[in-house]
Amino acid sequence: MTASRRLPLLLIPATLFLLVIYIWPSLGLFRNAFNEVGPTGAMVEALSLETWRATFHDSFTFELTLNSLWLSTVSTLIALCMAYPVSLFLFRTESRFRGLLAVVAIMPMLVSGVVRVFGWLAILGDRGLVNTTLQSLGLISTPLKLVFNWTGVTIGLAESIMPYMILALLAGFGRLDRTLEEAARSLGASPFRTFRRVTLPLSLPAIALAAGLGFVLSMSAYITPKLLGGGRVFVLATEIFEQATTNTNWPVAAVLAIYTLVLLLALLVVSNVVARRLQR
Amino acid sequence: MTGAGRVLSSFAALVYVLILAPIVVVVMLAFSADNFILFPPSGYSLRWFQQLAGHAPLQAALWLSVRIAAVVTLLSLAIGVPAALALAKGRFPGRDALTGFFVAPLLLPTLITGLALLLFFSPLKLTATLPGLVLGHMTVTVPFVIRMMATALSNLPDDIEAAAATLGATPWRVVRRVTLPLATPGLIACACLSFLLSFDETVISLFIAGPRASTLPVEMVRYVEGRTDPLIAALSVVLIVATLAVVLVVERLVGVARAVGK
């Protein structure tokens, strides 16, 4: 058919768009990483590794890396502990409200990040839900510092990556066979033993993939560390933004962005390899 | 044993409470009578909604965001749907590689895309302009439209199209009279989500928005950074209600979990 031979022509506008507005700027970002910053602070076209050397000689970069990795690890673990039961519940439930429950589970994804940050400020703030409740119960006298520090950022981040992890887990639960669990139960295993010996091992590949996704998302999250951190939480993402906009030090921003990207790629490869190993 | 098990259900219920907490708290705070974030509020009023109605910068930003999202959606569908059609119906070498190429931008963090666009747009004087913001948002929506529509189109039954072709319809007629009408629910859902994606896009906008052209999420970030009063909560309620309305439309048409599932 002549039409199906002409069908690929329909790809031209989208391809051109992505080449010009996506691929070209991405290459430009790479190119910028080899420019230098002159004594006046203005960018100088160059082809040097000076920015790279300076960035990785700075112990702050090392600190930012540790901060980012630690924050992402803790957020991902918390999110996993919340996402797993919800996903398993959604996977198994026969409720006629299943669709609605699924929508609610992924709701954070549908509500603007700034709105959710504001919600957390109202819950964790000095005069927020948690502190007023604890104070009225007489458990604490001075409010706990729960926002504008790492605690607030970790909680907010865990919540924001959770819906993505729920979807990843749901997609990965395909191999979880109800009959295997029933067999274990009928052979006398307790519900806990069944979970530990049957359900959990079968869902390990899904867990590895969801954890990888959660980690990548929290490494690159900007709004939550920025707003819930109140300027006191420094990670790679906040530094990239700071260097690009406030300091307009584009070479450094580009170097940090490429560095973050390499870290993310490495993490993705690891989580995929782990997931594939676990599948065997 | 049927259903989900009691222990599991209780765990899930607990998590649901946590998921809903920030949203419930924001809604209650929107009706607060206080001057700052105090929860529970000491009294209730509509004063923050009145404030919102008179807040010029937020309104200007809202209007700009709506205009951008509308243009972004139209342009993304215009170039994304044909591409999706080719990927879903065409049989040509390199199709899988191209599918990967089109979806790849969704994998790269918007933080990196935003930086790349800032560096690219600055010499072209496109930062803080409507075209710049539109193009920036399209790096997110075009891949999304292509992925979602390619899935929707390849799930359509092939035999109806084959029947139309057998009865003598030209291929373009088949597309126009059979394929696209069948895909209409998916198309509307896709347009709605693309609108929401653009409307909500914060990080790319933060990079390329300026004081003269600031979208609603950018203006909200600046507001929350500067002060903490319930005004943003009132705005949030308006946004949540609008988003829920759109989500309900999408749920009716295709099911949200399927639509947003990556």
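Hydrogens, waters and symmetry mates are skipped; everything else that's a heavy atom, side chains included, is used. Lettering of chains follows the sequences in order, A, B, ..., and the numbering in each one begins at 1.
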What I'd like to find out is whether the side chain of B:Met220 reaches to under 4.5 Å of the side chain of B:Leu239, using heavy atoms alone.
yes
Check the pair A:Glu242, A:Thr246 against side-chain hydrogen bond (donor to acceptor under 3.5 Å, both in side chains), reporting the backbone distance first and the verdict last.
CA-CA 5 Å; A:Glu242 239 15 66; A:Thr246 314; 2.9 Å; yes
Which one, A:Ser220, A:Pro25, A:Ala221, leads in non-hydrogen pairs under 4.5 Å with chain B?
A:Pro25
Pick one of side chain, backbone, both or neither for B:Met28, based on which atoms fall under 4.5 Å of a heavy atom in chain A.
neither
Which bit of B:Thr139 comes within less than 4.5 Å of chain A, counting heavy atoms only: side chain, backbone, both or neither?
both
Which atoms of B:Phe101 are under 4.5 Å from chain A, going by heavy atoms: the side chain, the backbone, both sets, or neither?
both
Less than 4.5 Å to any heavy atom of chain A: does that hold for the side chain of B:Leu111, its backbone, both, or neither?
side chain
Can you tell me which portion of B:Phe120 sits under 4.5 Å from chain A's heavy atoms? Options are side chain, backbone, both or neither.
side chain
Less than 4.5 Å to any heavy atom of chain A: does that hold for the side chain of B:Ile19, its backbone, both, or neither?
both
Check each atom of B:Leu29 against the heavy atoms of chain A and say whether the ones under 4.5 Å are side chain, backbone, both or neither.
side chain
Measure from the ring center of A:Tyr84 to the ring center of A:Phe173 and say whether it is less than 6.0 Å.
yes
With a 6.0 Å cut-off on the ring centroids, do A:Tyr22 and A:Phe17 count as close?
no
With a 4.5 angstrom heavy-atom cut-off, is it the side chain or the backbone of B:Ile146 that approaches chain A, or both, or neither?
side chain
For chain A, which candidate among B:Pro230, B:Pro217, B:Ser122, B:Gly114 shows the most heavy-atom pairs at distances under 4.5 Å?
B:Ser122
Under 4.5 Å from a heavy atom of chain A, the part of B:Leu107 involved:
neither
Close side-chain approach of A:Phe118 to B:Val224, heavy-atom, < 4.5 Å:
yes
When A:Gly28, A:Ala254, A:Ala244 are compared by non-hydrogen pairs under 4.5 Å with chain B, the top option:
A:Ala244
Under a 4.5 Å heavy-atom cut-off, does chain A meet the side chain of B:Ala21, its backbone, both or neither?
both
Is it the side chain or the backbone of B:Val221 that comes within 4.5 Å of chain A heavy atoms, both, or neither?
both
Counting heavy-atom pairs under 4.5 angstrom with chain A, the leader among B:Leu115, B:Leu244, B:Val246, B:Thr243 is B:Leu115
Would a 4.5 Å heavy-atom cut-off, applied to side chains only, mark B:Leu18 and B:Leu14 as touching?
no
Side chain, backbone, both or neither: which part of B:Ile23 has an atom under 4.5 Å from a heavy atom of chain A?
side chain
Between chain B and each of A:Leu264, A:Leu129, A:Val86, A:Asn32, count heavy-atom pairs under 4.5 Å; write down the option with the most.
A:Leu129
Kindly check if the number of other-residue, nucleotide or ligand heavy atoms within 6.0 Å of CZ (B:Arg173) is above 12?
no
Can you tell me which portion of B:Phe36 sits under 4.5 Å from chain A's heavy atoms? Options are side chain, backbone, both or neither.
side chain
Which residue out of A:Leu256, A:Thr245, A:Thr260, A:Ile223 racks up the most heavy-atom pairs below 4.5 Å with chain B?
A:Ile223
Heavy-atom distances under 4.5 Å only: say whether B:Leu20 touches chain A with side chain, backbone, both or neither.
side chain
Are A:Met162 and B:Val15 side-chain neighbours, meaning at least one heavy-atom pair lies under 4.5 Å?
yes
Which of the residues B:Val27, B:Val26, B:Leu98 is involved in the greatest number of heavy-atom pairs with chain A at under 4.5 angstrom?
B:Val26
Measure up the B:Tyr16 and A:Phe89 rings against each other and bin them: parallel (under 30°), tilted (30 to 60°), perpendicular (over 60°).
perpendicular
Heavy-atom pair count under 4.5 Å with chain B, highest-scoring of A:Leu101, A:Leu27, A:Leu227, A:Ile12
A:Leu101
Flag the one option from A:Ile166, A:Ile23, A:Ile21, A:Leu16 with the top tally of heavy-atom pairs under 4.5 Å to chain B.
A:Ile21
With the side chain counted from C-beta on, respond yes when B:Phe121 and B:Leu135 share a heavy-atom pair under 4.5 Å apart, and no when they do not.
yes
